[in-house]
Amino acid sequence: MNGVKIRAAAHYVPSAVLGNDQISTWVDTTDEWIVKRTGVSQRRISEGENTSDLSIEVGKQLLGSAGLAAEDVDLIMVATITPDYLTPSVACLVQEGLGAVNAFAFDISAACSGFVFGLSTAQKYLASGQYKNILIIGADVLSKITDWDDRGSCILFGDGAGGVLLVADPDALYSEKLHSRGGTVINGGHMEVVNPFSKRERKFDFLKLDGREVFDFAVKSVTENITELLEKVGMTLDDIDHIIPHQANGRIIEAIAKKLKTGLEKFYVNIQKYGNTSAASIPIALSEMFTNGTLKQGTGKKVILVGFGGGLTWGSVLMSV
């Protein structure tokens, strides 16, 4: 079995806290309205730290927790839709920041599914036997691409980063079910063709989403995806200890639990503290679970990590810890 093991998990968020009451001073909303519709009470907002800064802090924590030298890292992947630059990649900036001189590095752009896609990619590299230590980080500074005058979106998003150090473990459980479907239900930062021939003015589009369609897509695709994954491995939800979903919206998570006919207690939810942090949300939750004792390494607990977002992209990874 080409399994993998989480050797360390970590997260880092900006120190500035933006509460719902503060948002209500510039858009027509209230704390009660936001909490009822999204589950978000507050979010962390960068005061200048970019995506690479958050990611480097996570990388430092991971190396420290694992007692690993930066030179021992073979590969660094950063899942993000808010890179510092079009090039170099955030992962290359992390490699430099950590001094991981022997690692190669690249970014993954799969929106809120990015961390799950990163786990899948890392598992293949580890299964090859040519690589031993892989850093997978999910990081986004969504405040860079949020329209702070749009009530429908600015209440949702926050900034943060989380990640894991992954190693091979032939005895560990691992399976996955990943999907993509082209569409523009969620889009942002449209890179329009602007050159001397196109005769267009350059402009920037903020992140936009069709809330109702996103809700329907997420509930349907995630419940079907988890069911497919469980059927693939011959298990039921009773065999799973925890489901760690992308923290998109509290109502979405509640609807998924209801459709799967399982209790919400099986889902780890922290959206109330951080909002939707895109590719960072799953690894932040995973890191918190190790920190607060919900998960402990070596216990063999079975977890499903499930992401869904722009692309459209969605997918689940089943693994033991």
Side-chain angles (χ1 to χ4, degrees), residues 9-18 43-63 70 73 75-100 103-119 121-122 134-148 153-154 156-165 186-191 204-209 246-248 273-287 307 309-311 313:
H11 71 280
Y12 177 82
V13 294
S15 59
V17 177
L18 177 60
R43 69 286 294 147
R44 300 299 183 96
I45 300 295
S46 171
E47 294 180 286
E49 293 172 299
N50 215 328
T51 307
S52 65
D53 299 313
L54 305 184
S55 301
I56 290 168
E57 288 299 320
V58 170
K60 290 177 178 177
Q61 290 183 43
L62 291 173
L63 294 177
V73 176
L75 167 60
I76 299 170
M77 286 181 284
V78 176
T80 185
I81 57 170
T82 56
D84 298 29
Y85 311 99
L86 292 178
T87 187
S89 68
V90 176
C92 281
L93 297 175
V94 173
Q95 188 239 22
E96 179 187 33
L98 297 179
F104 71 104
F106 59 88
D107 286 356
I108 293 176
S109 179
C112 307
S113 306
F115 182 75
V116 172
F117 281 28
L119 285 176
T121 305
I134 299 179
L135 295 184
I136 311 121
I137 297 170
D140 272 303
V141 179
L142 292 176
S143 60
K144 295 192 296 185
I145 60 173
T146 296
D147 182 352
W148 291 100
S153 60
C154 74
L156 286 169
F157 300 120
D159 303 333
V164 297
L165 172 61
I186 307 168
N187 61 80
H190 179 214
M191 300 293 287
F204 178 81
D205 293 329
F206 289 109
L207 181 64
K208 297 175 183 175
L209 68 161
H246 164 50
Q247 308 289 310
K273 295 191 293 182
Y274 304 114
N276 179 341
T277 55
S278 189
S281 75
I282 293 175
I284 288 175
L286 192 57
S287 173
T313 61

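The shortest non-hydrogen separation linking S281 to H246 is OG-ND1, 2.7 Å. The minimum heavy-atom distance between W148 and L18, with the atom names listed, is CZ3-CD2, 3.7 Å. Scanning all heavy atoms of the two residues, the minimum distance from A111 to A279 falls at O-CB, 3.6 Å. Of all heavy-atom pairs spanning P283 and G163, the tightest one is CB-N, 3.5 Å. A161 and L54 get closest at one heavy-atom pair: CB-CB, 3.7 Å. Of all heavy-atom pairs between S143 and S46, the closest is OG-N, 4.4 Å.
Scanning for side chain to side chain contact (heavy atoms under 4.5 Å, CB included) contacts around S278 gives I81, C112, D140, L142, N276, with sequence neighbours left out.
Inter-residue side-chain proximity for D159 and E49 is flagged as unmet; no heavy-atom pair is nearer than 4.5 Å. Side-chain atoms of T146 and C154, non-hydrogen and from C-beta on, do get closer than 4.5 Å to each other. A heavy-atom distance below 4.5 Å is not found between the side chains of L98 and V73.
Atom CG of L156 is separated from atom OG1 of T277 by 11.5 Å, given to the nearest 0.5 angstrom. A distance of 7.0 Å separates CG of L165 from CG of L63, quoted to the nearest 0.5 Å. Taking CD1 of I76 as the reference point, atom CD1 of I136 lies at 11.0 Å (rounded to 0.5 Å). Taking CD from Q61 and CD1 from I56, the interatomic distance works out to 13.0 Å, rounded to the nearest 0.5 Å. Between atom CD1 of residue I108 and atom OG1 of residue T80 there is a gap of 11.0 Å, rounded to the nearest 0.5 Å. From I137, atom CD1 reaches atom CG of D107 across 10.0 Å, with rounding to the nearest 0.5 Å.
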> Taking it one step at a time, do V164 and L119 satisfy side chain to side chain contact (heavy atoms under 4.5 Å, CB included)?
Replying inline: CA-CA 9 Å; V164 297; L119 285 176; 4.2 Å; yes
>> Walk me through whether V13 and K273 qualify under side chain to side chain contact (heavy atoms under 4.5 Å, CB included).
In response: CA-CA 11 Å; V13 294; K273 295 191 293 182; over 6 Å; no
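At least one donor-acceptor pair under 3.5 Å links the side chain of S89 to the backbone N or O of C92. Remark: the backbone N or O of P83 is not paired with any side-chain donor or acceptor of T51 at under 3.5 angstrom. Proximity of a side-chain donor or acceptor of S55 to a complementary backbone N or O of V94 within less than 3.5 Å is not detected.
Side-chain contact annotation: S52 with D84, donor-acceptor N/O pair under 3.5 Å present.
Residue F104 qualifies as enclosed at atom CZ: its count of foreign heavy atoms under 6.0 Å is above 12.
Tested against Y12, the residues E57, R44, K60 include a single side-chain contact (heavy atoms from CB on, under 4.5 Å) partner, E57.
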